Amino acid sequence: MIDLDDFNAAFFDGSFDEVAVYTPSGGQGRTIQVLFDNEYQAAQFTQADAQIEGSGPRATCREGDVAGVAHGDTLSIRGITYSVAEVHPDGTGLVVLILSKDA
């Protein structure tokens with residue numbers, strides 16, 4: 001049987017991860033390690049000949065670091081504070097937080 005905590009620790013060894021501050025709503029902030037991505041996203045609407053562009057900030061972290069995470073909690077990274085818009089646990093001990101700057 002694979003120890004998922006040990007397996008996931010390899011992703012958070014300082015090579016690809018970075019420091020963020022996770023703050024549950026009404027709680028105290030704490031430093032955690034995350035894999036942060038802020039990829040470009042665009043949606044094309046052919047009937048209206050329009051396009052919406054933006055970024056899609058998301059952070060992958062260990063579930064134990066954000067136990068009880070909920071919409072509206074915040075994550076501060078790279079000098080920007082985001083609110084948690086979606087929570088996607090992956091069943092392996094990791095969770096992807098979809099973030100929004102519209103807090």
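Remember, predicted model here, so these are calculated numbers, not experimental data.
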Legend entry - Heavy-atom closest contact (Val34 atom, Cys61 atom, distance): CG1-CB, 3.9 Å
Legend entry - Under 3.5 Å: donor-acceptor pair, side chain of Asp73, backbone of Ser25: yes
Inset, instruction - Flag yes if Val87 and Val66 sit in one hydrophobic cluster, no otherwise; membership is Ile, Leu, Val, Met, Phe, Trp, Tyr, and two members link when side-chain heavy atoms are under 4.5 Å apart. - result: yes
Legend entry - Modelled atom types, side-chain donor and acceptor of Tyr22 and Asp65, under 3.5 Å: no
Inset, instruction - First locate atom CG of Leu35, then atom CZ of Arg62, and finally report the distance between them rounded to the nearest 0.5 Å. - result: 9.5 Å
Inset, instruction - Could you tell me whether the side chain of Leu97 reaches within less than 4.5 Å of the side chain of Val95, counting heavy atoms only? - result: yes
Legend entry - Side chain proximity check, Arg58 to Glu86, heavy atoms < 4.5 angstrom: no
Legend entry - Sub-4.5 Å side-chain heavy-atom contact between Phe36 and Pro57: yes
Legend entry - In one Ile/Leu/Val/Met/Phe/Trp/Tyr side-chain cluster, 4.5 Å: Ile80, Ile98: no
Legend entry - Interatomic spacing from OG1 in Thr60 to CG in Asp37 - rounded to 0.5 Å: 8.0 Å
Inset, instruction - Would you please test Leu75 and Ile32 for side-chain contact (heavy atoms from CB on, under 4.5 Å) and show each step? - result: CA-CA 10 Å; Leu75 190 76; Ile32 64 170; 4.0 Å; yes
Inset, instruction - Examine Phe12 and Phe16 and state if one hydrophobic cluster contains both, with Ile, Leu, Val, Met, Phe, Trp and Tyr joined whenever side-chain heavy atoms are less than 4.5 Å apart. - result: yes
Inset, instruction - Apply the test side-chain contact (heavy atoms from CB on, under 4.5 Å) to residues Tyr82 and Thr74: give CA-CA distance (whole Å), side-chain angles for both, the deciding distance (0.1 Å), then the verdict. - result: CA-CA 6 Å; Tyr82 299 93; Thr74 63; over 6 Å; no
Legend entry - Close side-chain approach of Leu94 and Glu63, heavy atoms under 4.5 Å: no
Legend entry - Minimum side-chain heavy-atom gap Gln28-Thr23 below 4.5 Å: no
